[in-house]
Amino acid sequence: MVTVLRSVRFTLVFALVLGILYPLFVTLIGQTIFPYQANGSLVTWQGKPIGSMLIAQANTSPGLFSPRPSAVDYAANNSGATNFGPTNPALFKEVKANLLAVQKANPGIPVAAIPMDMVESSASGLDPDISIANATIQTVRIARVTHIKRSDLLRLIAQQEHHSFLGLWGSDYVNVLRLNLALLKKEAMRHHG
Amino acid sequence: MTILHGIGIILIIAITIAVGIPIGHYLYQLFGQETSKTDRFFLPMEKLLYRLIGVNPSVKMDWKAYLRALLIVNLVMMVFVYLVLRLQGFLPLNPSHKPGLSWDLAFNTATSFITNTNWQSYSGEQTLSYFSQMVGITFLQFTSAATGFVAAIAFLRALVAHKKEWIGNFWVDIIKIHTRVLLPVSVVFAVVFIALGVPQTLQGTAVVHTLSGHLQAISRGPIASLEVIKQFGTNGGGYMNANSAHPFEDPSAWTTVLEMVLMGSVSAGLVWTFGLMIKNRKQAIVLYVFLTAILLLGAFVIYASESAGNPLLTHLFGLQGPNMEGKEVRFGTSLSSVFAAMTTAFTTGAVNAMHDSFMPLGGMVPLVFMMFNLVFGGKGVGLLNILMFLIITVFLSGLMVGRTPEVFGKKIEAKEIKLATMAMLVHPFLILIPTALFLSTKSGIAMLGNPGLHGLSEMLYAFTSGAANNGSAFAGLSANNVFFNVTQGIVMILGRYVSLIAMFAIAGSLAKKAVTPNSVGTLKTDTFAFGGVFVAVFVIVGALTFFPALAIGPIGEHFSMWSALNGHP
């Protein structure tokens, strides 16, 4: 009985310390020193919040870069993957649909040149990044729609490219929202200048 | 596959082991010695906690008293969190007004987190309030790790005790591991995680108009404070449904490497603590060499199969490249592969890629690591499993060479062997029987997210994960139903406590025995030859019990995939 009582006291004290005080203390420090990251890396465009730099968003505009396919339709309050196994016919169906969509949006690209991240769904459904090959393929379409020179778009990708640590951990990639914001800035400058 | 990425994988595992050694040394100072240099700093705070909880630190407990306290406090904490989850709708810090959980889901979740499993039949951002994430989940992620840890420490003390009854004071140990290890590390690295992009806020869901003009609701919350202890306590239960694949839980290659080092360092370090306790570092080194080799082998098997890609997609559409289904670009195949190997070796269960979408052999490695359950293993319990198999190996080799089996100067007799065998056998029993039960029922089959042999792997994976207290999943399984939640809850409890109780009974029996000095007749356990036998024993025991299930699961899927390609469907 003494042990039960002591266990209850332990539970209450430690739930307070570990479940309340510790997260609140960390929140206080985080909100003070790193408010941008602590609130979800939200970014604004023309004064309005338009998303999180870390979260993919659906793109329906052909003049912008598109993210990877999402199993949850980019629902940032409901992350998830297809969880299709490698021999599941549903996987083939999904990849085929993604492949047709890529070919429709970017005509004339040979299948062998299409990187896998362009046709296979991400793990979170919210992958904010695409491979350099993926972005490069999309420049043809974007140049045609926006009348920005393709060489300028390629330079934009190179400027925004995220490099892996000495090639050891991860590969080079580019953040889609970062790239799109740079693209919009470039367009806005061209209209004004 | 590139050489640089291969070096990257080796580097992560090397850093984890290297960081583990000073941690192991520190743990030895804290728990293996009477006083420690850090007493002056931490004792005042601990004395306050003793007063609040009513602990007399000078009381010494035998194995029964120690175990009783451990089990009772675990039960109380589990009931507490069950109530928190049930009453969620009435509790504060719930900006999205989420209702309480159903009884079976609350039971499954409370058992899952108290047993350090972190199986999740729910989707974090959809189901839990900030209060539940903090007071339910984060709280148990500390205490369940601490529980496993003090169990291992108590066992080690028994191992080196000379004709003693007592093995320490449970309350002192469990408070000390919080104040001197888990909490300071968590505070520091939670801030590091925030700096690297992990949110930590009590503000509600952010709603934005995207560049394309759509509405997007972005879930966030106190994630960083959970993320650290999720990894450092080898818990694995994510804040979000997508776990560490979610960019808020794991925003970059740097954070994923940090998560791997956090999850592995203490379990690896405990092997060093063990070596220091028994005053035989060579014993620890032998274990390091073999366990690290197995871990590396597993990581590279996954990496090879994932980077080779899916041959069916090449065959059907002409697509060429690595298997990126269920993987994130910032990690690629190499960081996804090494993470999968480490999360199942250290029985964390966090995932940064979806194991269900791995190639058949890539998905088999996590399954096998959980079946072994001792490639370093989870916090504390991993070391206990290693010691259990060491005892069995000593017994078997003792029989072979005709010597009295002894471990570290203690005679192994019928009682210890019976208990160790029980602890060993409960694992396959808890995996295979429920898998068979569910696969033979209609409602079980209806849960599967994938057809054919992969579906069998999905169910096998779920119960392997539960029994090993891992918590990762082949997540295509629709797990949230009463039948499964209750069964899996029972599997997790038995998987945790049956072997724990058996190991405590062994500890009690060993503590009383005299330490006999080594003689020429002693079977040496700190040699590489013995290490090889040790590996052979756990691989053969594992392979014999699980091979039939693996053969009709991932191995069968692998061969049927290639025969379909070669025109022999």
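Quick caveat, the model's predicted, so the values are computed rather than measured. All chains are named by letter (A, B, ...) in the order of the sequence lines, taking the proteins before the strands, and each is independently numbered beginning at 1.
- Taking 4.5 Å as the limit, some side-chain heavy atom of Ile55(A) sits within range of a side-chain heavy atom of His246(B).
- Taking all atoms of both residues into account, the shortest heavy-atom contact from Met324(B) to Glu120(A) is N-OE1, 2.6 Å.
- The part of Ala56(A) that comes within reach of chain B is its backbone (N, CA, C, O), which places non-hydrogen atoms under 4.5 angstrom from that chain.
- The aromatic rings of Phe142(B) and Tyr22(A) stand perpendicular to each other, their planes meeting at an angle above 60°, with 30° marking the opposite boundary.
- Side chain of His5(B) to main chain of Gly170(A): a donor-acceptor pair is present (N/O by atom type, distance under 3.5 Å, no hydrogens or angles).
- Between the side chain of Gln37(A) and the backbone N or O of Ala195(B), at least one donor-acceptor pair lies under 3.5 Å.
- Contact of the Asp127(A) side chain with the Lys327(B) side chain is not registered, since no non-hydrogen atoms from C-beta on lie closer than 4.5 Å.
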Between Glu125(B) and Asn78(A), is the side chain to side chain donor-acceptor pair (under 3.5 Å) condition met? List the steps. CA-CA 7 Å; Glu125(B) 68 266 47; Asn78(A) 189 23; over 6 Å; no
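- Looking at Thr210(B) and Tyr74(A), their side chains never come closer than 4.5 Å, going by heavy atoms from C-beta outward.
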Show your working on side chain to side chain donor-acceptor pair (under 3.5 Å) between Ser212(B) and Asn59(A) and close with a plain yes or no. CA-CA 6 Å; Ser212(B) 291; Asn59(A) 175 39; 3.2 Å; yes
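- Using a 4.5 Å cut-off between heavy atoms, Leu316(B) touches chain A through its side chain atoms alone.
- Under the 4.5 Å side-chain criterion, counting only non-hydrogen atoms from C-beta, Leu126(A) is not in contact with Phe248(B).
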Could you check Ser124(A) against Glu328(B) for side chain to side chain donor-acceptor pair (under 3.5 Å), going step by step and ending with a plain yes or no? CA-CA 8 Å; Ser124(A) 60; Glu328(B) 301 277 300; 2.9 Å; yes
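- The ring of Phe317(B) has its center no closer than 6.0 angstrom to the ring center of Phe92(A).
- Side-chain contact between Glu94(A) and Glu325(B) is present, with at least one heavy-atom pair separated by less than 4.5 Å.
- Using a 4.5 Å heavy-atom cutoff, the side chains of Leu4(B) and Leu166(A) are not in contact.
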